[in-house]
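Please read the structure below before turning to the comments.
Worth knowing before you read on, the calculation uses all heavy atoms, side chains too, and leaves out hydrogens, waters and symmetry mates. Each chain gets a letter, A, B and so on, in the order the sequences are listed, and its residues count up from 1. It should be emphasised that the depicted structure is a prediction, and the values quoted were computed from it without experimental measurement.
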2 protein chains.
Amino acid sequence: MVSSKDVAKLAGCSQATVSRVLNNPESVRPDTRTKVLNAMKALNYQPNLAARSLVARSTRTIALVSGTLKNNFFAQSTDQIVTYAAGRGYKTMVYFENEGSLEEMMTAVQGYKVDGIIVSCVKLDDPHFTQLEQLGIPYMLFNRRHRSACNYVAMDNEAAGGLLTRHLLDMGHRDIAYLSGPPDISTFYERWAGFEKAMAEARLSVRQELVHFNASDALEAQKLAWKLMQLASPPTAIICVNDEMAIACLDALLSMGLSVPSQVALAGFDDIGLASHQAIQLTSVGQHKFRMGEMAAEHLIAMIEAGPSDRTRPQDEPRIQIKFKPELFVRRSTSYKI
Amino acid sequence: MVSSKDVAKLAGCSQATVSRVLNNPESVRPDTRTKVLNAMKALNYQPNLAARSLVARSTRTIALVSGTLKNNFFAQSTDQIVTYAAGRGYKTMVYFENEGSLEEMMTAVQGYKVDGIIVSCVKLDDPHFTQLEQLGIPYMLFNRRHRSACNYVAMDNEAAGGLLTRHLLDMGHRDIAYLSGPPDISTFYERWAGFEKAMAEARLSVRQELVHFNASDALEAQKLAWKLMQLASPPTAIICVNDEMAIACLDALLSMGLSVPSQVALAGFDDIGLASHQAIQLTSVGQHKFRMGEMAAEHLIAMIEAGPSDRTRPQDEPRIQIKFKPELFVRRSTSYKI
DNA sequence: CTGAAAGCGCTTACAG
DNA sequence: CTGAAAGCGCTTACAG
């Protein structure tokens with residue numbers, strides 16, 4: 001690998017000068033500068049970024065720890081974040097949940113000396129979160145939040161759950177199934193809380209056999225949909241805790257020969273792009289105009305560029321907490337009144 | 001940031017010993033080892049990866065330069081690659097096409113001293129490809145290939161184009177529209193070649209007003225679908241050069257009140273997961289059982305672990321070229337015989 | 001088994 | 001404007 005020393009030798013100057021034309025070109029005389037530039041080109045020189053970040057204070061890199069790309073919601077937000085950050089001159093190191101534990105990611109992230117971190121897959125009581133706060137570098141939680149005071153941008157999920165549930169109640173549904181991932185994740189916990197509250201307010205009791213908290217992916221959701229519809233008294237509507245699962249359920253329901261919405265209504269959360277597709281037409285609650293990923297990146301970069309704060313006790317730092325209002329998009333999948 | 005020196009001080013040993021418990025734990029006496037381990041924990045020490053990679057020969061990191069996540073095909077393959085690599089103990093640095101030019105990526109990748117590179121978005125005559133070959137580190141092209149001799153894994157796209165076209169011809173179609181991205185990309189070029197050939201073999205001429213090479217994303221495809229169907233003599237079938245575009249077209253066609261397949265047939269390439277969804281049922285040619293992303297990662301890691309070759313002239317290196325046979329999945333979107 | 005020392009490739013005061 | 005030198009945090013022969 002060609003180093004700045006090689007360039008210096010060819011250009012007939014010192015290694016320091018080579019470094020200067022890279023970092024502060026005006027400070028070197030034009031003719032030496034061109035000599036160095038030519039030598040670089042001739043040798044196809046690329047500065048070693050590891051060496052640079054070892055000495056520099058900023059890596060101009062942020063880390064994104066994202067939920068799995070199998071969920072289109074995370075594919076969309078990853079795209080948003082990476083694109084936005086690139087526009088601001090930051091490189092994004094992307095990690096995905098399935099690669100290993102949050103802990104491993106944190107280790108890596110810490111080792112790479114990134115300028116900031118965005119995390120979309122913390123658990124509500126995640127023990128590694130403390131570690132994140134103690135790193136002392138800017139971070140933003142995104143989509144999911146931690147129980148303790150923290151920086152985050154997320155939807156008002158409880159409101160979203162209520163909104164969706166009341167819509168189904170309005171359409172005459174009483175036997176509503178609810179498929180969710182584990183409630184140790186804020187998104188799932190809060191959406192469920194909204195559902196429960198809306199049911200209670202309508203003085204309806206929740207049929208426990210219609211509720212499942214172990215549907216963590218599309219396949220599980222499909223199996224459960226199948227089971228639900230085999231019940232002696234099947235639900236008339238199914239809420240899935242995200243659109244990815246809801247769309248998978250739709251597939252299962254149609255495969256069973258059921259018609260949506262006349263035999264079962266179906267609804268999800270997030271309002272991913274596909275939900276509004278003419279062939280899908282899934283009722284969902286979310287915010288497509290509000291670019292959550294971008295917003296997270298924007299605030300993170302603002303924190304980075306504001307520099308370290310003067311507070312001696314970091315726990316006194318004010319938090320950035322952005323909770324945005326959900327919007328209900330009623331589509332064909334719930335358009336049948338019973 | 002706490003360094004190994006700090007740990008050494010607390011543990012009462014030299015920095016070298018701290019390094020040893022990290023890299024070669026058996027070589028240090030158990031009691032000193034625990035002392036060091038405790039000190040690390042107490043200080044929440046994480047080795048600086050930049051420093052490590054500066055001196056180590058392997059970073060256990062590969063780079064992936066992927067097409068945009070807006071196309072689900074790339075989301076799927078990124079997921080495959082990252083997961084597979086993690087299973088083999090490699091970290092993946094992911095770059096997306098939209099972040100900047102291939103050149104910038106290459107620079108970054110080079111600077112980070114990754115052990116290998118997977119690229120899914122080279123152009124057929126990409127000038128930066130030479131740079132990639134000259135890096136002298138293992139690489140794999142994936143999905144798209146370069147015109148010159150190179151390592152790649154890709155579908156036999158010309159065969160795929162032929163397969164799909166003949167199917168439509170069998171169904172009685174003569175006025176087939178073809179929506180594609182620019183032919184400076186191997187995938188597009190070859191699929192088109194397969195189409196043209198199949199048409200020629202059937203002694204049919206291609207109606208030029210039905211062919212577009214400027215549909216590079218879903219939105220463009222939708223606009224073109226709209227235009228096509230306004231023609232005095234609209235096509236009876238539309239081929240989109242990938243499923244992402246085809247599914248977007250489906251949306252547009254349904255929005256126009258057209259029925260698929262009875263008024264227009266529709267087909268795509270890649271056979272992404274959604275294509276087989278009951279609500280979509282898109283005919284497509286691809287290979288879902290063959291995990292192309294995984295395969296690329298597997299071969300790349302094999303090359304990395306085989307170590308540098310002894311050949312003096314790298315251009316004499318044998319290439320790994322995997323071209324897999326496409327399979328046609330006939331679904332509802334083309335099931336109407338005219 | 002462990003320490004002192006060299007070196008990975010850079011940046012950045014410090015002199016001149 | 002430019003060079004010599006220190007140092008970023010690590011790993012790894014080399015002695016002992």
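- Nucleotides of DNA chain D nearest to Gln46(B) and Ser14(A) differ in position, and the one nearer the 5' end is that of Ser14(A).
- Distance OH (Tyr112(A)) to P (dC10(D)): 14 Å, rounded to an integer number of Å.
- When the side-chain nitrogen and oxygen atoms of Tyr45(A) are compared with OP1 and OP2 of dC10(C), one or more of them lie within a distance under 4.0 Å.
- Straight-line distance from the CG atom of Asp6(B) to the P atom of dC10(D): 9 Å, rounded to whole Å.
- Between Asn48(A) atom CG and dG7(C) atom C1' there is a gap of 13 Å when expressed in whole angstrom units.
- Proximity of residues 17-35 of chain B to DNA chain D (heavy atom under 4.0 angstrom from any strand atom) is restricted to Ser19(B), Arg20(B), Asn23(B).
- To the nearest angstrom, P of dC8(C) lies 18 Å from CG of Leu49(A).
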Chi angles and distances behind the side chain to side chain contact (heavy atoms under 4.5 Å, CB included) call for Met155(B), Thr187(B): CA-CA 9 Å; Met155(B) 177 158 74; Thr187(B) 330; over 6 Å; no
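- Aromatic ring pairs are classed by plane angle as parallel below 30°, tilted from 30° to 60° and perpendicular above 60°; the pair Phe129(A) and Tyr139(A) is perpendicular.
- Taking side-chain N and O atoms only, Ser4(A) has no distance below 4.0 Å to OP1 or OP2 of dG9(C).
- For the pair Gln15(A) CD and dA4(D) P, the computed distance is 11 Å after rounding to whole Å.
- To the nearest angstrom, P of dT11(D) lies 5 Å from CZ of Arg52(B).
- For an aromatic pair to be called close, the ring centres must be under 6.0 Å apart, and Phe74(B) with Phe142(B) fails this.
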Dot-bracket encoding per residue of DNA chain C, Watson-Crick/G-U cut-off under 3.5 Å, | denoting interstrand: |||.||||||||.|||
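- Residues Arg88(A) and Glu305(A) are paired through a salt bridge, judged by an N-O separation under 4.0 Å between the basic side chain and the carboxylate.
- Within a 6.0 Å sphere centred on OH of Tyr45(A), other residues, nucleotides and ligands contribute more than 12 heavy atoms.
- A donor-acceptor pair shorter than 3.5 Å cannot be found between the side chains of Ser120(A) and Asn143(A).
- The cationic group of Lys91(B) lies under 6.0 Å from the six-membered ring centre of Tyr95(A) and within 45° of the ring axis, placing it in a cation-pi geometry.
- Ion pairing of Asp79(B) with Lys70(A) is present here, as a side-chain N (NZ or NE/NH1/NH2) and a carboxylate O approach within less than 4.0 Å.
- There is a side-chain donor-acceptor pair under 3.5 Å between Ser4(B) and Gln15(B).
- Where Leu54(A) and Ala16(B) each meet DNA chain C at their nearest nucleotide, the meeting point lying more 5' is that of Ala16(B).
- With rounding to whole Å, Lys5(A) atom NZ is found 13 Å from dA5(D) atom C1'.
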